[in-house]
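Every chain is numbered from 1 and lettered A, B, ... according to where its sequence line falls, protein lines coming before strand lines.
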Amino acid sequence: MKKLINKPEDFVRESLEGMVAAHPDLIKVNFDPNFVYRADAPIKGKVAIISGGGSGHEPMHTGFVGMGMLDAACPGEVFTSPTPDQMLAAAKAMDGGSGILYIVKNYSGDVMNFEMATELAESEGIRVLNILIDDDVAVKDSLYTQGRRGVGTTVLAEKICGAAAEQGYDLQQIANLCRRVNLNGKSMGVALTSCTVPAKGTPTFELSHQEIEMGIGIHGEPGRERMSIKSANEIAEMLALSIIEDKSYNRTVREWDDNKGEWVDVELIDPAFAKGDRVLAFVNSMGGTPVSELYIIYRKLAEICQKHGLQIVRNLIGAYITSLEMQGCSITLLKLDDEMIRLWDAPVKTPSWRWGI
Amino acid sequence: MKKLINKPEDFVRESLEGMVAAHPDLIKVNFDPNFVYRADAPIKGKVAIISGGGSGHEPMHTGFVGMGMLDAACPGEVFTSPTPDQMLAAAKAMDGGSGILYIVKNYSGDVMNFEMATELAESEGIRVLNILIDDDVAVKDSLYTQGRRGVGTTVLAEKICGAAAEQGYDLQQIANLCRRVNLNGKSMGVALTSCTVPAKGTPTFELSHQEIEMGIGIHGEPGRERMSIKSANEIAEMLALSIIEDKSYNRTVREWDDNKGEWVDVELIDPAFAKGDRVLAFVNSMGGTPVSELYIIYRKLAEICQKHGLQIVRNLIGAYITSLEMQGCSITLLKLDDEMIRLWDAPVKTPSWRWGI
Amino acid sequence: MKWLQKFATTLEENKDYLTELDAAIGDADHGINMVRGFQKVITQLPSVADKDIGSILKTVSMTLISTVGGASGPLYGTLFLRASTAIAGKQELTEQDMLKMLQAGLEGVIGRGKAQLGDKTMVDALAPAVAAFGQAAQESKLMLEAMQKAVAAAEQGMKETIPMQAKKGRASYLGERSVGHQDPGATSSYLMLKSLLDII
Amino acid sequence: MKWLQKFATTLEENKDYLTELDAAIGDADHGINMVRGFQKVITQLPSVADKDIGSILKTVSMTLISTVGGASGPLYGTLFLRASTAIAGKQELTEQDMLKMLQAGLEGVIGRGKAQLGDKTMVDALAPAVAAFGQAAQESKLMLEAMQKAVAAAEQGMKETIPMQAKKGRASYLGERSVGHQDPGATSSYLMLKSLLDII
Ligand SMILES: Nc1ncnc2c1ncn2[C@@H]1O[C@H](COP(=O)(O)OP(=O)(O)O)[C@@H](O)[C@H]1O
Ligand SMILES: Nc1ncnc2c1ncn2[C@@H]1O[C@H](COP(=O)(O)OP(=O)(O)O)[C@@H](O)[C@H]1O
Ligand SMILES: [Mg+2]
Ligand SMILES: [Mg+2]
Ligand SMILES: [Mg+2]
Ligand SMILES: [Mg+2]
């Protein structure tokens, strides 16, 4: 294993220390339990957006803490969900009296830990809603399983909901918006190489020089299918078509009902993409792929979208949700409406994402 | 070789096509000869800043074309200097009547090609100055050799000079500023892995799992020394101390004298860093290293700077000047003055760098 | 409690094994997660050494919840939480206490994780073990023998996860590709019960 | 001109070899650069086939300057530019013409690149070759023999770059680590002269 680290067990803490040393104007860090939060929080009257998950996906989530995006992020160990005490402590520290939205990626660990945190927060009198992101079309047969994973759409939801919170939306409005972003966003990714978890020290999976792993998640977990290496155009096409041709998707998720004070099952349906849709096209590096290659993917993606009558009105290209140093990319398409576009364009100022200010 | 590309010979062109498809509001591309330029150029009365070099260092330079930074960038083949016809065509297209500054990294190829372009531009009545960037302290014994390479300081010079041009500085002022930035900036880099040039298809050098290459440039060329793997703290220390303890550096460079209309030899001296200096600390990914690791390097760098009495007043952390997918990082320290700080903070809006607008 | 000490050691010994199992169908951290949690547990034990079993298990639960993370953190955390409530105040456990404790723990895992038998999770090791222990207890078997049956059932259940297709947890994303691999969580659950047997 | 055709083929055959030489002390593109340039040259040749040698070399020069890039682009470009001027208008070359042409080309390379003998560059192959040709021409040797001497001197000069420490070009950044490797530019220069000899 060759990485710019000291001891594997210090990876998360030292990375956070470096981060706060670099951006003291934007963020602060609390250790034990770990969470990164806006330097100017809590903000009275503003809904706080909190996310979190395993580390190793940087800049998501810690790099997105700041004005116009997240109020706090709870980093777990590498690829391991953070714990309820982190989420609870962050909620307490960020609460400006208007409640908390937890944005949760759909992994059993994240879901269960955020559920426990939600129950704990509610019992302490903090109003919390939580919305699951489950946008990975590589996962099939969800009816009796864990359902789809949360991947690229998470980044877009955090940007859009963060802007909404900044503009004074209330908790229920933001939760509804977040759910809408999730339902309209779909993603899929491919790995050219594995990544190496620092504590493990060896690659999570082995790929030969001729193989790629199609339909991977963001934790180095194996994908849907291993196949021989393909050209960028073929890869872009496989990813894009899996997304565009994905049928509308039904599943039942648990959401906290803060009127009833209990978990309720909610049935949700993703619409399929249709001709004429305006979309945001997001080409994401898995960490080790340079932007020059992402543009080659984007080139083909733009062509495919046009052929399918999807109008790309916004795009995002870069390393936003990664698997350590893995080579590969993911594509996310999000169907936009006017409100989402307005919120997308709103200013943001975080360690890893800044515009308009 | 596993990359998100189609044919190696189409790498540069397709990447440019994707880039302009993604950012039509910011940039345009001219093919044959290739150059990327600001969508709103030429701007009457504004000095145009043009840079260029081999491809494979993205986002530098093409990703830095736009408001507040470069007017045009000339991309060569991967790791191969662009040609004079590209530079000349870009100069002609960008000339707003106030002249052109070529920012040139000190590699024999870049230098010779930009020299030819300068001569050609002058013969066509365009006023051109050119400033060399030679900031890599890994290169020793420069007196009778090519001198130091141009690396990280290039990025900082492009940002600062771009802001100056935007604010109406004249050509001679900007050239002086660019020279000052170069004299005050020093860099050094390390590779954990090699990169693979698409047209070659195999890694440029072989490093075992236990080895790193210290003092590398940005073209996958071998470095100053191969050594066994080190911790992030040790690496940060080797890089930072090489920079901080570097003595003042003398060399003679050729600059174009546009009064005399000929090349003149100019003697330049880098000052060494001194206690009390205000610096910009730049931790750069070579392409394949994720930002989480860069923060671990930054953490140690901040500690070292403090110990040496250097006050970090600005920083930049991310992948800005890369060697394709190489893992590793470089550190650049730039001694700042008030004018540089003001220009650094000025708004910028390019495909890969945006703030303040 | 010697059991926790023993389990912590066993986890340490099986850290790479559990992680390798997780690498095949998950994200290669199960061994790392469990060891991190139980190392912390070990450091906390002295401060509760004189407490009743329920209190000790409550401390274990809280420690696991706040240090393990991932899926196994809340699951094992809930398991120990419910177990602690089931035997609150006890200083020693009869066979019936043990059964109540195991049942409560299992219910906690199912309540939190919503997994059913056959979903290829730790439930596939835990549920048969609890059933076997219950059966033995009903037949008035003594602790040692009942626990032997439970561990045998857990081992059997753990092995039966190999041909299963995962329906819960990270392995479920693999669909059919999860078939042919033993579930890491079922394995750590088996090791937990085995450690308990070893110190009886 | 058959020479250019021959050289283009030779470069094609030695593309990987030149690139490997450049990988050792440079950036692994010299073969790729040269082949890119001379392939373009080949496609341009038909359009100037009926022109004098000077015009043809001028076209070669312009093509190299705008397609090779790197260090070798301006250097070979300048070499052919100066060579073309030296023999402007000629349809055939005497030994003296050839000498003038080679001398002019060499001067161009030195003027552009500022390299001296011993700096481990193409100059180390070109300069001895031009000198040997000049010597032979002075002794009234015929073209074939003079060129044989030149190529032998180029080969010798090329080999002598191996123990040198680079002072110019990318290899100079390596300092002492550049010792022990043959210079790629000197190698392509030798191949260029060798191709010329082969078609005489
Ligand atoms: N919903 C669930 N119910 C029961 N057990 C589960 C569930 N989800 C996951 N598990 C168990 O957790 C184990 C994985 O734990 P671990 O690797 O520590 O967490 P993660 O999957 O978050 O990385 C699986 O092998 C499985 O036995
Ligand atoms: N200043 C110089 N003068 C003469 N030859 C040079 C000079 N700089 C480089 N060269 C030659 O150019 C060769 C490298 O060419 P090439 O690899 O195509 O360009 P680059 O170094 O830009 O990648 C070297 O082997 C050397 O012979
Ligand atoms: Mg995990
Ligand atoms: Mg080159
Ligand atoms: Mg796991
Ligand atoms: Mg080269």
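- Residue contact with chain D, scored on non-hydrogen atoms closer than 4.5 Å, is absent for B/V111.
- For chain B, the nearby part of D/T67 is the backbone; its heavy atoms alone come within less than 4.5 Å.
- Although no hydrogens or angles enter the test, the distance criterion places a donor-acceptor pair under 3.5 Å between the side chain of B/H57 and the main chain of B/T322.
- Heavy atoms closer than 4.5 Å to chain B are found nowhere in D/A115, neither backbone nor side chain.
- If you tally non-hydrogen atom pairs under 4.5 Å between each of D/G73, D/G26, D/G113, D/A171 and chain B, the highest count goes to D/G26.
- Note: B/S108 leads B/S108, B/P203, B/G53 in heavy-atom pairs under 4.5 Å with chain D.
- With hydrogens and angles left out, the side-chain atoms of D/T19 and D/D22 include no donor and acceptor closer than 3.5 Å.
- For the set B/H219, B/R224, B/E221, the entry with the most heavy-atom pairs within less than 4.5 Å of chain D is B/H219.
- Heavy atoms closer than 4.5 Å to chain D are found in the side chain of B/D85, but not in its backbone.
- Between B/S285 and B/G288, the shortest heavy-atom contact is OG-N, 3.9 Å.
- Contacts of B/R226 with chain D are made by both backbone and side-chain atoms, with heavy-atom separations under 4.5 Å.
- Using modelled atom types and a 3.5 Å distance limit, the side chains of B/T252 and B/D265 yield no donor-acceptor pair.
- Interface summary for chain B: among D/S72, D/G70, D/G77, D/A23, the most heavy-atom pairs under 4.5 angstrom belong to D/G70.
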List the atom pairs, donor and acceptor, that lie under 3.5 Å between side-chain atoms in residues 39-49 of chain D and the rest of the protein, sequence neighbours left out.
residue	atom	partner	partner atom	Å
D/Q39	NE2	D/E12	OE1	3.0
D/T43	OG1	D/K40	O	2.7
D/S47	OG	D/Q44	O	2.7

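- Heavy atoms of D/K114 lying under 4.5 Å from chain B belong exclusively to its side chain.
- For the 3.5 Å distance criterion, the side chains of B/E115 and B/W256 fail to qualify, holding no donor opposite an acceptor.
- Contact of D/R112 with chain B is made through backbone and side chain together, with heavy-atom distances under 4.5 Å.
- For the residue pair B/T80 / D/D29, a side-chain donor-acceptor distance below 3.5 Å is found, with atom types taken as modelled.
- Proximity to chain D involves both the backbone and the side chain of B/F79, based on heavy atoms less than 4.5 angstrom apart.
- For B/R149, the parts lying near chain D are the backbone and the side chain together; criterion is any non-hydrogen pair under 4.5 Å.
- Neither the backbone nor the side chain of B/E206 comes within contact range of chain D; no heavy atoms are under 4.5 Å apart.
- A donor and an acceptor atom, one from each side chain of B/N182 and B/T153, are nowhere located under 3.5 Å apart.
- The residues D/D124 and D/K120 are annotated as not salt-bridged, no charged nitrogen and carboxylate oxygen being separated by less than 4.0 angstrom.
- D/T161 contributes atom OG1, which lies 12.0 Å from atom CG of D/D119 (distance to the nearest 0.5 angstrom).
- At a threshold of 4.0 Å, the pair D/R82-D/E107 does not count as salt-bridged, since none of the basic side-chain nitrogens sits closer than that to a carboxylate oxygen.
- Within the 4.5 angstrom heavy-atom criterion, atoms from both the backbone and the side chain of D/I65 approach chain B.
- Counting all heavy atoms, side chain and backbone alike, B/G147 lies closest to B/Y249 at CA-OH, 3.8 Å.
- Proximity to chain D among residues 188-201 of chain B is limited to B/V197, B/A199, B/K200, judged by heavy-atom separations below 4.5 angstrom.
- Under a cut-off of 6.0 angstrom, the local environment of CD in D/E92 is sparse, with at most 12 non-hydrogen atoms contributed by other residues, nucleotides or ligands.
- The greatest number of non-hydrogen atom pairs below 4.5 Å with chain D, out of B/G76, B/G54, B/G109, is found for B/G109.
- Both the backbone and the side chain of D/S66 come within contact range of chain B, with heavy atoms under 4.5 Å apart.
- Heavy atoms closer than 4.5 Å to chain D are found in the backbone of B/E225, but not in its side chain.
- Residues B/H61 and B/C74 form no side-chain contact, since every pair of their non-hydrogen atoms from C-beta on lies 4.5 Å or further apart.
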